[in-house]
Amino acid sequence: MDITKDKLLEMYRSMQRIRHFESKIRDLATANEIPGFVHVSIGEEASAAGICAALRKTDRITSTHRGHGHLIAKGGRLDKMMAEIYGKRGGYCKGKGGSMHIVDFSLGILGANGIVGAGLPIATGSALAAQVAGRDDVTACFFGDGASNEGTFHESLNLASVWKLPVIFVCENNGFGEFTPMRTVTSVSDIAVRARAHDLPGVIVDGNDVLEVFKVASEAVARARAGEGPTLIECKTYRWEGHVVGEAAILGEYAYRSKEEVDSWKLKCPLIRFEKWCAENKKIDAGELQRIVTETEKELDEAIAFARSSELPAASEVTDDVFA
Amino acid sequence: MEQTYIKAINIALHEEMRRDENVFIMGEDVADLGGAFKATEGLLAAFGEERVIDTPISEALIVGAGIGAAVLGMRPVVEMQFADFISCAFDQIVNMAATLRYRHGGKAACPLVVRAPSGAGVHGALFHSQNPEAWFTRVPGLKVVAPATVYDAKGLLKSAIRDGNPVVYFEHKRLYRSIKEDLPEGDFTVPIGVAEIRKEGGDLSLITYGGTLGPSLDAARIVEKEDGLAVEVLDLRTLLPLDREAVLATARKTGKVLIVHEDRLTGGIGGEIAALISEHAFEDLDGPVRRVAALDTHVAFSPPLEQTILPDTNRILEAIRGLAAY
């Protein structure tokens, strides 16, 4: 599969935007500049970027509590995301949702979700809507290895398979359901094999290799658009940060995994890997990549300025939007 | 020795597991990690992996497996990591556990405890802030408790574990490390179904539980000092079965009742209490029964919105003064 230069640049920009945004969120949360708790996806950028690069604007995604990366890769605006995480009126949800509930329906982002496994049926319904309407839009459903032990996972895969729905189930397997190692509570070591139980293709991909993720996603999208039904893609990856930023204050450092393990995954950085590939294959010169970094830094600075200057919602808005 | 609310829960679990080998713990991150909030810390080391069990993120299974073990004579204490996630296990609690004894003609019991860290005030947004007790307080066969003090956290958990019925134990996560009390050592229980007067008074009754006991007592002390009003504060402690006698006694004593809870106004237990008083103590009332509760909306993320939604000392103060002047 030959990937165009524009597509390569798009994926790199996605990964940089995610890395910059998430690193900043981590720092702001640590400094108590943003309220509540946040889950960041540093180290997992390639799955979000690779999957969303295979989608078009009218395609849809559902996301998770660790959703910033998915939203960014689907085209989410950093300024409105940042403002939401600050709890400001200028945010995507007017400050009502916060980090775990960001949506942008105009971009096909059906929502991050603070309930594990809750996105799977919703993605299935989104795919059903496309099928009923006779459109060839695809829905990509992001979830973690933890969610694959929820009933909603099996219920969704079953019916999507029966009805041949245009949905791609994307399991980002980072090895931990919150703080518990997946291997201790999961019957299989590869989530992808669970596709067999529901008679749909299950594919394992190196989730830190954005090019491989893109290829696998493109095939699954083509299948879905052609009416051939769903695919389960398992992206093997790892989160560098904790389940939730600040967890060490309660749990202690490295409470459930070793420093060595975390460090070993940092050596598999999806961004550095892509940069090396570009250099070795003479695809994109370093200057062009650097320009994306510079532009991302500027975009992030503007996002923070926007969030800081946005107003807090007024008390009078508190019951707005409960009903249509 | 002075202990926190969460430590009292932890101590109760240790003591009950030592006392009865049928007691075991099951939930997400409860074993190796000792719980996301550290409520089950040290239990794995003390009792081993057969009695302190990490589960996958599978709420319906966690409760359902607890039911299966309970009917066979075990005494499982299962944890919903956040009370908000209890909705994923709703069927197992409401249809399975609550009806089990009745639909089997009394031939079986379901001595199960579901621990549920509830409550807002930590900017956790819509799915990490809920007070879902009222979904359960209308279900026959269930017991629902909500301790507000360190002493009750320990004593009610022990009673819940020893009870022959399924008990949902709402622990307010904002109280975990924010309140400390001198906690007597050793075995004691707090009976389920018995409310407690936290402050005596003759002018007005304030009925509350859980996370709003603290702000209610603060407000009662302020009006005592500033307005010379003697507010009686009744801590329900158990929401199902309600201590009807205690509710009616304080209503009859003062003739004016204010109900305060962090759960939403509509459908909250305050409505049931108001109806109870209206039916049985109407002749003794000198004013309307009033309620201070969370607004009828979702717990928004943004701190100023969250603050507006939740009852606080100021709203309670205002309501006390308004009702006193009635």
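Each chain gets a letter, A, B and so on, in the order its sequence line appears, and its residues count up from 1. Keep in mind that what you see is a predicted model, and the values were worked out from it rather than measured. For the numbers below, each heavy atom of this structure counts, side chains included, while hydrogens, waters and symmetry mates do not.
When the candidates B:Leu305, B:Ile309, B:Asp296 are compared by the number of heavy-atom contacts under 4.5 Å with chain A, B:Leu305 comes out ahead. In terms of heavy-atom pairs under 4.5 Å with chain B, the best-connected choice from A:Glu247, A:Glu150, A:Lys96, A:Glu317 is A:Glu150. Per-residue heavy-atom pair counts under 4.5 Å with chain B were compared for A:Ala314, A:Pro313, A:Gly177, A:Gly146, and the maximum is reached by A:Pro313. Of all the listed residues (B:Gly124, B:Ala300, B:Ser58), the one sharing the greatest number of non-hydrogen pairs under 4.5 Å with chain A is B:Ser58. Of the listed residues B:Gln81, B:His298, B:Arg177, B:Glu41, the one with more heavy-atom pairs under 4.5 angstrom with chain A than any other is B:Gln81.
No donor-acceptor pair closer than 3.5 Å links the side chain of A:Thr319 to the backbone N or O of B:Thr297. For B:Asp29 (side chain) and A:Phe179 (main-chain N/O), a donor-acceptor pair under 3.5 Å exists by modelled atom type.
Only the side chain of A:Val116 comes within less than 4.5 Å of a heavy atom of chain B; its backbone N, CA, C and O stay farther away. Proximity to chain B (any heavy atom under 4.5 Å) is shown, for A:Ile34, by neither the backbone nor the side chain. With a threshold of 4.5 angstrom between heavy atoms, B:Thr55 approaches chain A through N, CA, C or O but not through any side-chain atom. At a 4.5 Å heavy-atom cutoff, the contact between B:Asp54 and chain A is made by backbone and side-chain atoms alike. When heavy atoms are compared at a cutoff of 4.5 Å, B:Leu126 approaches chain A by way of both its backbone and its side chain.
The OG atom of B:Ser302 sits 8.0 Å away from the CD atom of A:Glu84 when rounded to the nearest 0.5 Å. Rounded to the nearest 0.5 angstrom, A:Ile115 CD1 and B:His128 NE2 are separated by 6.5 Å. A distance of 8.0 Å separates CD1 in B:Ile57 from CG in A:Asn149, rounded to the nearest 0.5 Å. In this structure, the separation between CD1 on B:Ile6 and CD1 on A:Ile250 is 8.0 Å, given to the nearest 0.5 Å.
Taking the six-membered ring for Trp and the full ring otherwise, A:His101 and B:Phe127 have centroids separated by under 6.0 Å.
Heavy atoms only, all atoms of each residue included: B:Thr308 and A:Ala315 are closest at OG1-CB, 3.5 Å. The nearest pair of heavy atoms linking B:Ala36 to A:Leu251 is O-CD2, 4.0 Å. Here the shortest heavy-atom pairing between A:Pro35 and B:His123 reads CB-CD2, 3.8 Å.
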Intermediate values then yes/no, side-chain contact (heavy atoms from CB on, under 4.5 Å), B:Leu33 and A:Thr180 | CA-CA 8 Å; B:Leu33 194 76; A:Thr180 293; over 6 Å; no
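Contact annotation: the side chain of B:Phe301 never approaches that of A:Cys93 to less than 4.5 Å [non-hydrogen atoms, C-beta and beyond].
The side-chain hydrogen bond (donor to acceptor under 3.5 Å, both in side chains) test applied to B:Asn95 returns B:Asp91, not counting sequence neighbours.
At most 12 non-hydrogen atoms from other residues, nucleotides or ligands lie less than 6.0 angstrom from CD of B:Gln307. Around atom NZ of A:Lys236, more than 12 heavy atoms belonging to other residues, nucleotides or ligands sit under 6.0 Å away. In the displayed structure, B:Glu318 atom CD is contacted under 6.0 Å by at most 12 heavy atoms of other residues, nucleotides or ligands. More than 12 non-hydrogen atoms from other residues, nucleotides or ligands lie less than 6.0 angstrom from NZ of A:Lys80. Within 6.0 Å of atom CD in B:Glu50, 12 or fewer heavy atoms from other residues, nucleotides or ligands are found, so the atom counts as exposed in its surroundings. Counting non-hydrogen atoms of neighbouring residues, nucleotides and ligands closer than 6.0 angstrom, the CD atom of A:Glu33 exceeds 12 such neighbours.
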